[in-house]
Amino acid sequence: VKQVPELYLCQADGMLNAIAVRFMRQDYVVLLSSVVDALKDRPESIRFYMGHELAHIQRKHLTRHWWLAPGGLTPLLAPAYSRAQEYTCDRHGLACCNNLEDAQRALVVLAAGSDRWKGVDIAGFEAQAHETGRFWMAVNELTADYPWLCKRLKCLRDRDARFPRRSAWAWLISALSPRLGYGGAVVGFLYLLIMG
């Protein structure tokens with residue numbers, strides 16, 4: 001990292017996440033306090049978050065978006081690009097914490113919450129990735145900016161992980177769903193139902 005971004009810890013009423021932001025040509029990393037509190041006994045997991053967010057900056061995900069903006073409304077393509085960014089940043093996060101279980105636990109917090117993450121069976125959660133080819137799960141993911149967390153866990157363990165094929169109908173519905181920005185999957189699909 002050529003220029004270290006400013007780091008902030010922000011209280012967000014229990015929300016679990018971390019973000020990288022660019023504002024006025026300055027990069028920032030914001031960790032939400034709930035995530036830091038949840039992982040206080042696993043500092044390597046916090047390093048995963050830091051590595052993940054720094055990767056967004058290092059890979060220029062925050063500066064290239066302006067010239068990619070016209071494609072941002074494109075069904076299938078825009079969300080696929082966003083999901084690919086998340087997988088890339090997860091690998092950077094893993095490299096920063098050097099511990100697979102801590103990296104996976106960091107992601108499990110997002111799925112199970114600030115207390116229940118400790119009791120999650122990692123192998124069982126990872127195994128849920130085999131169900132992601134089903135119609136509604138595939139539609140949801142094909143129109144979403146983030147991959148299923150169970151897939152992200154599996155890819156941390158196995159970079160070349162294979163997943164079930166998605167339903168052809170899911171591809172068709174997703175291709176016809178207008179992309180209306182973040183959360184566009186639900187809005188776009190409702191638009192199809194109402195107008196179609």
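Here, residue 1 is the first one in the sequence, and each next residue gets the next number.
Across all non-hydrogen atoms, the minimal contact from Ser45 to Ala106 is O-CB, 3.7 Å. Residues Ala144 and Pro79 approach most closely at O-CB, 3.1 Å, considering heavy atoms. Heavy atoms only, all atoms of each residue included: Ala18 and Glu53 are closest at O-OE2, 3.0 Å. Gly133 and Pro164 make their closest contact through N-CG, 3.9 Å (heavy atoms, listed as atom of the first residue, atom of the second, distance). Counting all heavy atoms, side chain and backbone alike, Leu153 lies closest to Gln104 at O-NE2, 3.1 Å. Scanning both residues, Asn140 and Thr143, for their nearest heavy atoms gives O-OG1, 3.2 Å.
Within a 6.0 Å sphere centred on CG of Asp115, other residues, nucleotides and ligands contribute 12 heavy atoms or fewer.
Hydrophobic clustering keeps Met50 apart from Val30 (ILVMFWY residues linked when any side-chain heavy atoms are closer than 4.5 Å, directly or through intermediates). Side-chain heavy atoms closer than 4.5 Å link hydrophobic residues (I, L, V, M, F, W, Y) into clusters, and following such links, possibly through other members, connects Leu9 to Leu54. Residues Leu76 and Trp148 fall into different hydrophobic clusters, defined by Ile, Leu, Val, Met, Phe, Trp and Tyr side chains chained together at heavy-atom separations under 4.5 Å. Connection of Met15 to Val109 is not established within any shared hydrophobic cluster, with ILVMFWY side chains joined at heavy-atom distances below 4.5 Å, either directly or through further cluster members. Both Leu156 and Leu110 are part of a single hydrophobic cluster, where members link through side-chain heavy atoms under 4.5 Å apart.
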Derivation and outcome, side-chain contact (heavy atoms from CB on, under 4.5 Å), residues His92 and His56: CA-CA 9 Å; His92 284 261; His56 281 300; over 6 Å; no
Stepwise side-chain contact (heavy atoms from CB on, under 4.5 Å) test for Tyr28 and Arg22: CA-CA 6 Å; Tyr28 301 90; Arg22 185 167 180 82; over 6 Å; no
Stepwise side-chain contact (heavy atoms from CB on, under 4.5 Å) check, Val139 with Trp169: CA-CA 9 Å; Val139 168; Trp169 287 105; over 6 Å; no
Verdict with reasoning, Arg47 to Glu44, per salt bridge (charged side-chain N to carboxylate O under 4.0 Å, His left out): CA-CA 5 Å; Arg47 288 174 59 97; Glu44 289 297 308; 3.6 Å; yes
Evaluation steps, side-chain contact (heavy atoms from CB on, under 4.5 Å), between Cys89 and His61: CA-CA 10 Å; Cys89 292; His61 295 163; 3.6 Å; yes
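Once rounded to the nearest 0.5 Å, the distance linking NZ of Lys154 with CD1 of Ile122 reads 13.0 Å. Considering SG of Cys150 and CZ of Phe125, their distance stands at 5.5 Å, rounded to 0.5 Å. From Cys155, atom SG reaches atom CG of Leu107 across 11.0 Å, with rounding to the nearest 0.5 Å. To the nearest 0.5 Å, atom CG of residue Leu39 and atom OG of residue Ser34 are 10.5 Å apart. Once rounded to the nearest 0.5 Å, the distance linking CZ of Arg83 with CG of Leu142 reads 5.5 Å. A distance of 8.0 Å separates OG1 of Thr63 from CG of Asp27, quoted to the nearest 0.5 Å.
Considering only heavy atoms from C-beta on, His130 stays 4.5 Å or farther from Phe163 through its side chain. The side-chain heavy atoms of Leu172 and Leu176, taken from C-beta on, include a pair separated by under 4.5 Å. At least one side-chain heavy atom of Phe135 sits less than 4.5 Å from a side-chain heavy atom of Ser167. Residues Gln3 and Gln26 are in side-chain contact: their nearest non-hydrogen atoms beyond the backbone lie under 4.5 Å apart. Using a 4.5 Å cut-off on side-chain heavy atoms (C-beta onward), Tyr49 and Val29 make no contact. In this structure the side chain of Gln58 never reaches within 4.5 angstrom of the side chain of Lys2, judged on heavy atoms. Considering only heavy atoms from C-beta on, Leu16 comes within 4.5 Å of Ser114 through its side chain. Side-chain contact between Arg105 and Val120: present, with at least one pair of heavy atoms (C-beta onward) separated by less than 4.5 Å.
Scored by the side chain to side chain donor-acceptor pair (under 3.5 Å) test, Asp102 finds Arg42, Asn99 as partners (sequence neighbours excluded).
For Lys151 and Glu126, the salt-bridge test fails: no basic side-chain N is under 4.0 Å from an acidic carboxylate O.
For the residue pair Tyr8/Glu6, the side-chain donor-acceptor check at 3.5 Å is satisfied.
Ring-plane geometry between His52 and Phe48 is classed as tilted, the angle between the planes lying from 30 to 60 degrees on a 0 to 90 degree scale.
Looking at Thr132, its side chain does come within 3.5 Å of a backbone N or O of Ala129 through a donor-acceptor pair.
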